[in-house]
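Right, one structure below, let's go through it.
None of the values given here were measured: they were computed from a predicted structure. Quick note on labels: first sequence line is chain A, next is B, and so on, each numbered from 1.
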2 protein chains.
Amino acid sequence: MFKINEKPTIKDIARLSNSSIATVSRVLNNVDYPVSNELRESILKVAKELNYKPNIYGRMLKGGQSKEIGLLIPNISNPFYSELVSGVERICIKRGYTPIICSSYNDKKLEKKHLDTLLMKKVDGILASIIGDSADIIREMKLENSKYVLFDQNHNDDSCYSISYDFENSGFIAASYLLNQGLEKIAFLSTPFDRKSRQEIFEGFKRAFRLKGKTFSEDYLIVEGLPENEIEQNAEIQNGIHLTKIMLQKIGKPEAIVAINDITALGVIQELANRKITVPDDISLISFDDIPLAEMVTPKLTTVRQPAFQIGKIGANMLIDRIENMYEGKKSIIIEPELIVRKTVMEKE
Amino acid sequence: MFKINEKPTIKDIARLSNSSIATVSRVLNNVDYPVSNELRESILKVAKELNYKPNIYGRMLKGGQSKEIGLLIPNISNPFYSELVSGVERICIKRGYTPIICSSYNDKKLEKKHLDTLLMKKVDGILASIIGDSADIIREMKLENSKYVLFDQNHNDDSCYSISYDFENSGFIAASYLLNQGLEKIAFLSTPFDRKSRQEIFEGFKRAFRLKGKTFSEDYLIVEGLPENEIEQNAEIQNGIHLTKIMLQKIGKPEAIVAINDITALGVIQELANRKITVPDDISLISFDDIPLAEMVTPKLTTVRQPAFQIGKIGANMLIDRIENMYEGKKSIIIEPELIVRKTVMEKE
DNA sequence: GTGAAAGCGCTAACAC
DNA sequence: GTGTTAGCGCTTTCAC
């Protein structure tokens with residue numbers, strides 16, 4: 001018999017089926033190779049009896065693919081990213097890969113450590129939304145000539161495959177919609193513009209004003225941030241509360257508010273409610289992302305959809321296509337945002 | 001030189017540092033073994049120059065630990081589970097493990113496939129919240145003599161390590177709190193009692209009535225379910241909406257509602273709002289879980305905390321302790337729930 | 001059709 | 001202190 005309490009190997013199968021490891025390997029891998037039916041049956045029978053499971057490490061050593069991809073994100077418990085992950089997962093399931101999910105919790109050291117782990121595991125590729133020095137991370141991935149695709153990154157590096165939203169247009173859509181409802185005193189609430197995305201949304205926002213022949217007064221730009229530390233998972237909502245307080249103090253009640261994302265918008269609603277100010281009756285509110293929550297809360301959020309699930313799916317397909325050397329699309333994919341009208345903006349009747 | 005475009009191995013390092021693979025292995029593993037400083041320096045220098053990363057597959061083949069644990073859950077994009085995952089992740093980071101997260105999306109076939117993948121990867125252990133036939137899954141894990149810990153499972157199997165909440169007490173706490181506020185016409189809204197947890201919550205709920213010398217009229221028990229299919233990610237909130245409609249039709253407006261979880265409660269609020277019924281002014285509402293959302297929405301949810309993050313942390317520690325043969329706690333850990341008073345229950349003044 | 005044997009990168013037992 | 005070597009489970013080449 002084979003070793004007690006040890007996993008059976010092809011050797012055991014070979015012995016018990018009176019054949020050789022080579023033949024067993026051929027049969028089990030269903031490789032296109034002539035094997036007598038009799039032997040084949042016998043081998044399969046023994047394999048089944050032993051409840052044989054191949055040892056992937058033996059296989060990997062021969063230089064196989066790990067069929068794993070790394071997924072480097074800031075925080076799995078942020079609904080935006082858990083949606084993104086979900087999209088990646090679906091594609092991975094369909095295409096036979098396992099995603100290794102790593103949250104860096106806004107800790108650059110940890111992010112680097114995760115990267116090292118992934119590289120060591122020799123994952124077939126990496127999907128990353130980097131919080132730290134992206135140049136650094138990219139360099140390392142290149143060094144290991146790992147395949148990778150970046151989400152929404154601040155990279156100036158043309159050599160990277162990436163996927164992102166058209167943030168400028170997002171901002172434009174939001175502002176245009178408000179202006180079209182006759183709302184003009186609009187406050188823009190955001191955490192600091194340290195990510196390109198936020199700056200771009202603001203640029204599009206201003207473009208909408210320009211196009212209507214109006215000017216945006218910088219007094220209405222409220223940018224402030226608790227230092228970005230998402231370990232406190234409700235940091236973003238705290239930002240919304242904080243920004244609202246500052247806004248009310250600086251400029252009083254505007255007609256409408258643009259919040260940099262849905263979670264921030266939730267904070268805005270909460271702080272306004274504290275002061276008996278109702279959305280949308282007293283102030284209209286629009287934000288960005290359209291996380292699933294957006295239509296679960298009351299009132300349902302009017303928002304500009306930047307679909308996390310979809311970007312996850314597209315990104316995963318892009319990466320796997322690259323891994324399998326069949327990617328033929330563009331190096332940089334841009335997803336167009338979409339206005340989702342719900343209940344937080346008072347519409348002109 | 002070593003092979004172009006290939007990863008350097010200890011062989012390459014040995015060659016370039018004029019030593020042997022054994023010595024290289026010793027130095028790199030920092031094993032307690034005498035090596036001359038000169039050689040050590042030289043080896044480390046070469047390793048660094050080559051940007052050497054050990055191949056874990058070679059190591060694993062020798063029977064090492066994978067330092068991975070499997071995490072089998074229903075759905076990563078459900079906030080409850082993304083919190084749980086987050087808890088597991090923290091512990092894994094601290095203790096040097098990588099969690100492999102697998103969502104089964106309520107598909108039993110997929111769950112089984114994930115399990116096979118995990119077993120094949122020879123993860124050091126598995127944390128599981130099983131949706132399918134748990135006996136089946138447990139049998140397989142035992143067969144592979146894999147270490148495992150179950151979350152909140154319907155297992156009758158005493159031989160299992162598990163962690164769960166005291167659901168009966170949760171139900172008791174919720175009902176007692178409402179009754180103490182003078183609320184007596186209380187509806188209980190839940191999806192079908194196919195999980196032990198829901199039945200237990202209801203038992204505790206009834207116990208509170210009994211203890212106050214009151215009886216709960218079964219008319220007020222509203223159990224109904226869209227077939228459980230969380231692929232539609234907002235299935236749970238739809239359940240809340242659906243249950244509310246049925247309730248209003250069957251019994252009209254109760255004084256208070258107990259909803260089986262926070263997301264369902266969000267659906268309740270939404271449907272009531274549609275009909276201009278306000279929480280808590282017209283109807284009080286309490287639910288279970290205390291997902292982060294619960295205090296982000298307006299009104300903030302009064303709920304009985306069944307802390308997902310904490311259960312994730314404890315479960316991960318339990319599993320890793322078992323893996324490292326240092327677990328000394330109980331086979332079955334029960335977490336006590338806690339009442340979190342916020343804004344959805346009208347308090348007696 | 002089938003089997004023997006080399007070798008993937010690493011660790012560890014053994015030899016010097 | 002250092003080096004040689006066997007062997008982990010598998011795939012694959014080569015020989016029969």
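- Not a single donor-acceptor pair under 3.5 Å links the side chain of A:Arg40 to the backbone N or O of A:Val27.
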Item to check | Candidate pair B:Ser162 and B:Ser332, rule side-chain hydrogen bond (donor to acceptor under 3.5 Å, both in side chains), full reasoning | outcome: CA-CA 5 Å; B:Ser162 67; B:Ser332 186; 3.3 Å; yes
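- Here B:Ile21 lies in heavy-atom contact (under 4.0 Å) with a base.
- Contact annotation for A:Asn37: no contact, since no heavy-atom pair falls under 4.0 Å across all strands.
- If you check D:dG3, D:dC10, C:dT2 against the side chain of B:Leu39, the one that comes closest is D:dG3.
- Across every non-hydrogen atom of B:Ile21 and B:Lys11, the tightest pair is CG2-CA, 3.8 Å.
- Dashed line: the shortest gap from a side-chain N or O of B:Ser25 to OP1 or OP2 of C:dT11 is under 4.0 Å.
- Ranking C:dC8, C:dT11, D:dT4 by closeness to the B:Lys11 side chain, first place goes to C:dC8.
- Position along DNA chain C of the nearest nucleotide to B:Tyr57 versus B:Tyr33 favours B:Tyr57 as the more 5'-ward residue.
- Taking atom CG of B:Asn55 as the reference point, atom C1' of C:dG9 lies 6 Å away to the nearest angstrom.
- Rounded to whole Å, atom C1' of C:dC8 lies 13 Å from atom CG of B:Asp12.
- Residue B:Ala22 is the one, among B:Ala22 and B:Gly58, whose nearest nucleotide of DNA chain D lies closer to the 5' end (criterion: closest heavy atom).
- Every ring pair (Phe, Tyr, Trp, His ring centres under 6.0 Å) that B:Tyr57 has, sequence neighbours left out, goes to A:Tyr57.
- For the pair B:Asn18 CG and D:dG3 P, the computed distance is 9 Å after rounding to whole Å.
- For A:Ser20, taking side-chain heavy atoms from C-beta onward, the closest of the listed nucleotides C:dC10, D:dT12, C:dG3 is C:dG3.
- At whole-Å resolution of the value, CG in B:Leu28 and P in C:dG9 are 15 Å apart.
- If one axis is set at each end of the helix from C:dG1-D:dC16 to C:dC16-D:dG1 from five pairs, those axes are 50° apart, to 10°.
- Taking atom CG on A:Leu61 and atom P on C:dG7, their separation rounds to 14 Å, with Å as the unit.
- Cation-pi check for B:Arg90 over A:Tyr105 is met; the charged atom lies under 6.0 angstrom from the ring centroid and within 45 degrees of its normal.
- Nearest-nucleotide mapping onto DNA chain C: of A:Lys62 and A:Arg26, the residue sitting toward the 5' end is A:Arg26.
- In the set D:dT11, C:dT11, D:dG1, the nucleotide with an atom closest to the side chain of B:Ser36 is D:dG1.
- For the contact set between residues 116-126 of chain B and DNA chain C, defined by any heavy atom under 4.0 Å, there are no members.
- A:Leu28 places a side-chain heavy atom less than 4.5 Å from the side chain of A:Ile13.
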